[in-house]
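Encoded as structure tokens, the structure appears first; notes follow it.
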Amino acid sequence: MHFLPTERIALFIDGANLYSASRNLGFEVDYRNLLSTFRSRSQLVRAYYYSAVLETEEYSPLKPLTDWLAYNGYNLVTKPAREFTDASGRRRIKGNMDIELAVDMMEIADRIDHAVLFSGDADFRRVVEAVQRKGVRVSVVSSIRTSPPMIADDLRRQADEFLELADIATFFTRRQMEPRARAATRSSSNGNEERS
């Protein structure tokens, strides 16, 4: 990772996207180490974490993570996810945080030198381009090693720097897990179901 010690940076973490990519690559993110990594390499101005939360009467598995993030240096941005039934009768959850992330990135652009976006979503290409016009360098953290690749080609080309998540994961990995493809192959060949 190439960061200047004098650079003012902000992190923009698309929670669902980072979770999917890290699970696919076989590791869990240690958010304390992630924050420490960027604080030690630059002047971290802000770290945003975006997540849509399904508000039901049942306990949410995201609650411990979002509570921890809110009390440990992250600006937590959430909104209620909506549950609906699609045309084929399957239960779906919708909770897009793109607008919230884009607004925050535009608002802080005048106070930072470098934005680090943890997402591969092509929808962010235009906001990346907009903050670059304001003189902000943008690094995108995602993966081409997942199956399918998590990074959209348009976003990767727009970024000043693309950081392969698998290459930098050692800086903020909690514990290794088996990547999904290998775990699925092994469980089908053993006849056992593996849990992660």
Side-chain angles (χ1 to χ4, degrees), residues 1-5 7-54 59-79 81 95 97-98 100-101 104-105 108 112-121 124 137-151 155-156 159 161-184 186 194-196:
M1 291 192 299
H2 175 69
F3 295 94
L4 303 172
E7 256 184 336
R8 296 167 302 162
I9 70 166
L11 309 180
F12 299 88
I13 302 169
D14 177 345
N17 199 284
L18 179 57
Y19 175 79
S20 294
S22 62
R23 291 275 299 184
N24 198 301
L25 292 167
F27 70 88
E28 287 184 24
V29 174
D30 182 325
Y31 288 94
R32 183 186 313 274
N33 285 346
L34 188 138
L35 216 52
S36 297
T37 296
F38 285 94
R39 280 186 175 142
S40 69
R41 287 172 167 72
S42 61
Q43 294 179 26
L44 183 62
V45 175
R46 195 83 74 239
Y48 296 95
Y49 182 93
Y50 300 87
S51 180
V53 180
L54 187 60
Y59 176 77
S60 166
L62 265 181
K63 186 86 170 108
L65 173 63
T66 55
D67 284 349
W68 187 91
L69 292 169
Y71 287 105
N72 287 279
Y74 287 86
N75 282 47
L76 182 63
V77 183
T78 63
K79 74 177 179 185
M97 299 295 293
D98 293 3
E100 289 79 0
L101 191 152
D104 289 341
M105 193 179 282
I108 203 170
I112 61 172
D113 304 305
H114 191 167
V116 181
L117 173 63
F118 284 80
S119 183
D121 190 335
F124 293 124
R137 188 162 71 101
V138 181
S139 294
V140 171
V141 180
S142 190
S143 184
I144 57 171
R145 296 188 194 159
T146 55
S147 181
M150 294 290 292
I151 182 75
L155 181 62
R156 185 176 177 194
E161 182 179 16
F162 168 69
L163 299 169
E164 169 58 53
L165 182 60
D167 292 342
I168 66 170
T170 55
F171 293 108
F172 46 81
T173 298
R174 174 172 292 143
R175 67 179 169 88
Q176 288 299 117
M177 300 183 314
E178 287 197 55
R180 287 191 158 196
R182 277 191 303 206
R186 184 173 297 138
E194 294 195 2
R195 301 181 206 292
S196 53

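Treat the numbers as computed from the prediction; the structure is a model and nothing was measured. Atom set for the values below is all heavy atoms of this structure, side chains included, hydrogens, waters and symmetry mates excluded.
Looking at every heavy atom in both residues, D67 comes nearest to Y71 through O-CD1, 3.1 Å. Between L165 and A21, the shortest heavy-atom contact is CD2-CB, 3.7 Å.
Seen from the ring of F171, R41 counts as a face-on cation partner, given the 6.0 Å and 45° thresholds.
Atom CD1 of I168 sits about 10.0 Å away from atom OG of S143, to the nearest 0.5 Å. Considering CZ of R137 and CG of L4, their distance stands at 6.0 Å, rounded to 0.5 Å. The structure places OG of S36 at 14.5 Å from OH of Y31, a figure rounded to the nearest 0.5 Å.
In this structure a side-chain-to-backbone donor-acceptor pair under 3.5 Å is present from S22 to Y19. At least one donor-acceptor pair under 3.5 Å links the side chain of D30 to the backbone N or O of N33. Checked by atom type and distance alone, the side chain of E164 pairs as donor or acceptor with a backbone atom of A166 at under 3.5 Å.
The shortest side-chain heavy-atom distance between M97 and S51 does not fall under the 4.5 Å cut-off.
A parallel orientation is assigned to the rings of F12 and Y50, their planes being inclined by less than 30° (bins at 30° and 60°).
The salt bridge (charged side-chain N to carboxylate O under 4.0 Å, His left out) test applied to E100 returns K79, not counting sequence neighbours. With sequence neighbours left out, Y49 forms a side chain to side chain donor-acceptor pair (under 3.5 Å) with no residue at all. Partners of R156 according to the salt bridge (charged side-chain N to carboxylate O under 4.0 Å, His left out) rule, which considers only residues two or more places apart in sequence or in another chain, do not exist here.
For H114 and S42, the side-chain atoms include no donor-acceptor pair closer than 3.5 Å.
Screening L11, D104, I112, I108 against R46 for a side-chain contact (heavy atoms from CB on, under 4.5 Å) leaves a single residue, I108.
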